[in-house]
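Residues: numbered from 1 along the sequence shown. The figures here come from the full heavy-atom set of this structure, side chains too, leaving out hydrogens, waters and symmetry mates.
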Amino acid sequence: MHVEFRPLPVAPAPDDALDDPVRAALLGAHAHLAERRGRVLRYPVDVAPFLSMPADAGPSDWRDAAALAGEGGEVPLTGPAVLPPPGWQEARNVPGVQLTGEHIGGRHDPGVVRLGPADVPEMLDLVERTKPGPFRPRTVELGVYLGIRHGGALVAMAGERLRPPGWTEISAVCTDPAHRGRGLATRLVLAVAAGIRERGETPFLHASAANTPAIRLYERLGFRLRRTTEFRTVRVPARERIEGRS
């Protein structure tokens, strides 16, 4: 498979922002979307499900997280492995990987199309059938999303999600099962990466550790493993537990 590596416009950005890319993005490029209570930050629920706790989270921070999510709500945790207080139950914990593309230049592709709000119903339908990860009705507002159509129907897409300083995450990489094996994901990842590079930023991405085909694809394109991680979600306990009355 031929992959075009164009000259990189800038030196790679420092990668400490990738330790908690949700927080870094909500304090930076996505600050206009941030919902805040105390030191807890999150995206609007129709944009993305992510919430960021401070690394030294204490009881008041967990109360703020509970207020944002609501009783019985789920709180996806990102960044440092903060431990919830008693009463909070882990809803899920999926091993994952974070990969960075310091040496990827990307490649523009005349066969891809820019997707926008009018395409959201088709995008949501494709996500429902392919399960690439969280995608909400307003996720398209986070960055550039590109797609490939066949016979007028959207059959593959990828786009930009988190944007910590100097970096942009490539996300929602998915292909309709009937159109897999044709290199559509490769074309889209490289096309999204080309736009990221033109802004002087570096692409990165996340994947489930169990999704070995996707990881192998990304590594062939030049992404490298930066760290292993966990996609953890905890559930807000009943109010009396939050307030310490039980």
Student check: side-chain heavy atoms of [X] and [Y] closer than 4.5 Å:
X: P132; Y: V173; result: no
X: L77; Y: E90; result: no
X: L142; Y: L33; result: yes
X: R224; Y: L99; result: no
X: P203; Y: R197; result: yes

Joint cluster assignment, [X] & [Y], ILVMFWY side-chain distance < 4.5 Å:
X: L188; Y: I104; result: yes
X: L51; Y: W88; result: yes
X: V144; Y: L124; result: no
X: M123; Y: I170; result: no
X: V192; Y: V140; result: no

Closest non-hydrogen atom pair between [X] and [Y], with its separation:
X: P21; Y: F204; result: CB-CZ, 4.1 Å
X: T130; Y: T175; result: CG2-O, 3.3 Å
X: A193; Y: G106; result: CB-CA, 4.1 Å
X: A65; Y: V75; result: O-CG2, 4.4 Å
X: P164; Y: A24; result: CB-CB, 3.6 Å
X: L68; Y: R42; result: O-NH1, 3.0 Å

Any side-chain donor paired with an acceptor under 3.5 Å for T100 and E102?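 Side-chain D/A pair, T100 to E102: present.
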Other residues, nucleotides, ligands: >12 heavy atoms within 6.0 Å of E35 CD: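 More than 12 heavy atoms, drawn from other residues, nucleotides or ligands, come within 6.0 Å of this atom.
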List the residues meeting side-chain contact (heavy atoms from CB on, under 4.5 Å) with [X], not counting sequence neighbours, and say none if there are none.
X: E74; result: A91, R92, T233, R235
X: D61; result: R39, V40, M53, P54, A57
X: H150; result: V155, H179, R182

Reported [atom1]-to-[atom2] distance for the pair [X] and [Y], which is rounded to 0.5 angstrom:
X: L26; Y: L162; atom1: CG; atom2: CG; result: 8.0 Å
X: R232; Y: N93; atom1: CZ; atom2: CG; result: 6.0 Å
X: T186; Y: L190; atom1: OG1; atom2: CG; result: 6.5 Å
X: L146; Y: H108; atom1: CG; atom2: NE2; result: 10.0 Å
X: S52; Y: D20; atom1: OG; atom2: CG; result: 3.5 Å
X: C174; Y: E128; atom1: SG; atom2: CD; result: 11.5 Å

Among H206, R161, E160, whose side chain to side chain contact (heavy atoms under 4.5 Å, CB included) with S171 holds? R161
Is there a side-chain hydrogen bond (donor to acceptor under 3.5 Å, both in side chains) between R199 and T168? Walk through the geometry before answering. CA-CA 10 Å; R199 293 199 302 267; T168 296; 2.9 Å; yes
Given E122 and R149, is the side-chain contact (heavy atoms from CB on, under 4.5 Å) satisfied, shown in steps? CA-CA 11 Å; E122 280 188 283; R149 293 186 175 278; 2.8 Å; yes
Let me have the donor-acceptor pairs involving side chains of residues 208-215, under 3.5 Å, with sequence neighbours excluded, atom names and distances please.
| residue | atom | partner | partner atom | Å |
| --- | --- | --- | --- | --- |
| S208 | OG | A210 | N | 3.2 |
| N211 | OD1 | A214 | N | 3.4 |

Rest of the hydrophobic cluster containing F231 (Ile/Leu/Val/Met/Phe/Trp/Tyr, side-chain heavy atoms under 4.5 Å)?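 Traced through the cluster, F231 reaches V94.
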Is there a side-chain contact (heavy atoms from CB on, under 4.5 Å) between L126 and R129 once you walk through the steps? CA-CA 5 Å; L126 182 60; R129 289 184 282 114; 3.8 Å; yes
Can you confirm if the aromatic rings of Y145 and F135 lie within a centre distance of less than 6.0 Å? yes
Hey, can you pull the donor-acceptor pairs under 3.5 Å for the side chains in residues 43-50, sequence neighbours left out?
| residue | atom | partner | partner atom | Å |
| --- | --- | --- | --- | --- |
| Y43 | OH | H30 | ND1 | 2.7 |
| D46 | OD1 | R138 | NH1 | 3.1 |

Are R227 and D15 ion-paired here, with the side-chain N under 4.0 Å from a carboxylate O? no
Using salt bridge (charged side-chain N to carboxylate O under 4.0 Å, His left out), reason through E169 and R163 one step at a time and then give a plain yes or no. CA-CA 6 Å; E169 180 191 25; R163 289 189 60 192; over 6 Å; no
